[in-house]
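Scroll down for the structure; my scribbles are underneath it.
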Protein chains: 2
Amino acid sequence: MSAVSERRERERAQRHQMIITAARELAEAEGWEAVTTRRLADRVEYSQPVLYSHFNGKDAIVSAVALEGFAELADHLRRAREAADDLGQALRAVCGAYLDFASERPALYQAMFVLPTELRFASDETPAPMRACFEEFVSCFRPENKRRGLFAEVFWSALHGITVLSESGRIPAAYQDERVDFLVSQFADAR
Amino acid sequence: MSAVSERRERERAQRHQMIITAARELAEAEGWEAVTTRRLADRVEYSQPVLYSHFNGKDAIVSAVALEGFAELADHLRRAREAADDLGQALRAVCGAYLDFASERPALYQAMFVLPTELRFASDETPAPMRACFEEFVSCFRPENKRRGLFAEVFWSALHGITVLSESGRIPAAYQDERVDFLVSQFADAR
DNA sequence: AAAACTTGTCTAGCGTTGCTAGAATCCGGT
DNA sequence: ACCGGATTCTAGCAACGCTAGACAAGTTTT
């Protein structure tokens, strides 16, 4: 492989990342409904069809943004859990970190957990960052607990429910802390 | 008001309902992405613009369908709760009824709890059927429990989380019953 | 060095969407 | 019989995701 084609491949990878970043920034600034292929093409200063030489379609771009989000969320959760002294505090810490993430980056959260996605969850092909996120929840339960996987799923589901219902205005923004306190307290004994 | 204009008003109300019903049927048969204003107009055998003399836009139609759903869900939940012997079984019964509803009418559920809606939740103008749904959850907790409103919100959120994550394939379809059993057991002592 | 081919990018356009302006039509009241 | 107001339709706008085919740039072959 020549030096020229190496450069080209490098440039191509850069552009690939530019598209993802542009999509993410646009979504975080104006919401996903404002992210159109035309506006994306404008931002990366290429014409519309080049997007389709990098991604199969708009959903694939959203999924790529989501994957970035999973890596960041995994990191965020891990830090919170490791800063906790014991398992009891870990659940609460991970919980707080998760809700922080969701409320600070609502568009990113949507790409990960709400919008139609091409990413496969809970399967053999599930990318590492997604596994890592889930494992953070699992780690909040005792290793000897045979059902910790299931418990983690349910706890995560509850957190997700609170997140999306409050984001869409279906439960009041007030009393969010009380809700979370209650949720954690109800799961504390199941660790 | 003449008899003629009375008839016209009656016909108008019928057409109003036809639009809602058509939207609902189309959504339940092919999903909301297949519900377009043109296909709706076709179904009710009028031209597109008449939809806009009944509703402010597509979102308003979705919201009207959702409101029908709330009435049905309230009824469904109430029956389940009243068939239960005590409060302990009530929580589990309402829970089962809720998940039944969600899995049997996924499109209707989406209109109610996922899609952007014009309906106001948890406010003074919240329509009665929506209040009724929420009250069914509240009624699963003891009347003397001062925080039953908050508890109901959290329990409902958890159920919703399980519903949407499993509907979108983000948690496996299997083990759903185990998840629900676990959830109910964790909230049983908080009644 | 010229010709042929491959690769990358762009212009232009298809079919669809939600929504609306303005023409046409219908119908009751005088 | 005609007028006026309400009702409904035709036609069209701007925007969407996506793609075919023209064009240009660069690489390889003769």
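Residue numbers begin at 1 in each chain, while the letters A, B, ... track the order of the sequences. As the structure is a prediction and not an experimental result, all values here were calculated from the model.
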Mind calculating the distance between OH (Tyr46(A)) and P (dT11(C)) to the nearest angstrom?
-> 13 Å
Of Tyr109(B), Tyr98(B), Phe137(B), which is the lone residue that meets ring-ring contact (aromatic ring centres under 6.0 Å, His included) with His160(B)?
-> Tyr109(B)
Length of the line joining Phe55(B):CZ and dG18(C):C1', which is rounded to integer Å | 16 Å
Ring centroid separation Phe182(B) to Phe151(A) under 6.0 Å | yes
Please check if atom CZ in Phe121(B) has more than 12 non-hydrogen atoms from other residues, nucleotides or ligands closer than 6.0 Å.
-> yes
Please give, in whole Å, the distance from dC16(D) P to Leu26(A) CG?
-> 11 Å
Of Arg15(B) and Tyr52(A), the one whose closest DNA chain D nucleotide lies more 5' = Arg15(B)
What's the CH2-P distance between Trp32(B) and dT17(C), to the nearest Å?
-> 15 Å
Ring center gap for Phe70(A) and Phe134(A) short of 6.0 angstrom = no
Would you mind reading off the distance between Gln48(B) atom CD and dT20(C) atom C1', rounded to a whole angstrom?
-> 10 Å
Within less than 4.0 Å of OP1 or OP2 of dT8(D), is there a side-chain N or O belonging to Ser47(B)?
-> no
How close do Val65(A) and Ala23(A) get, heavy atom to heavy atom, and via which atoms?
-> CG2-CB, 4.0 Å
Mind calculating the distance between CG (Asp42(A)) and P (dG17(D)) to the nearest angstrom?
-> 13 Å
Could you check which residues of residues 58-68 of chain A get a heavy atom under 4.0 Å from DNA chain D? Sort them by number, please.
-> Lys58(A)
Passing option when Glu136(B) is tested against Arg81(B), Arg131(B), His76(B) for side chain to side chain donor-acceptor pair (under 3.5 Å) | Arg81(B)
Taking CD from Glu11(A) and C1' from dG26(D), how many angstroms apart are they, rounded to a whole number?
-> 13 Å
Remember a base hit wins even if backbone is also touched, and classify Arg12(A) as base, sugar-phosphate or nothing at under 4.0 Å, heavy atoms.
-> nothing
Flag, side chain of Thr126(A) to backbone of Ser123(A), donor-acceptor distance under 3.5 Å = yes
Separation of dT19(D) atom P from Arg38(A) atom CZ, nearest Å, is 13 Å
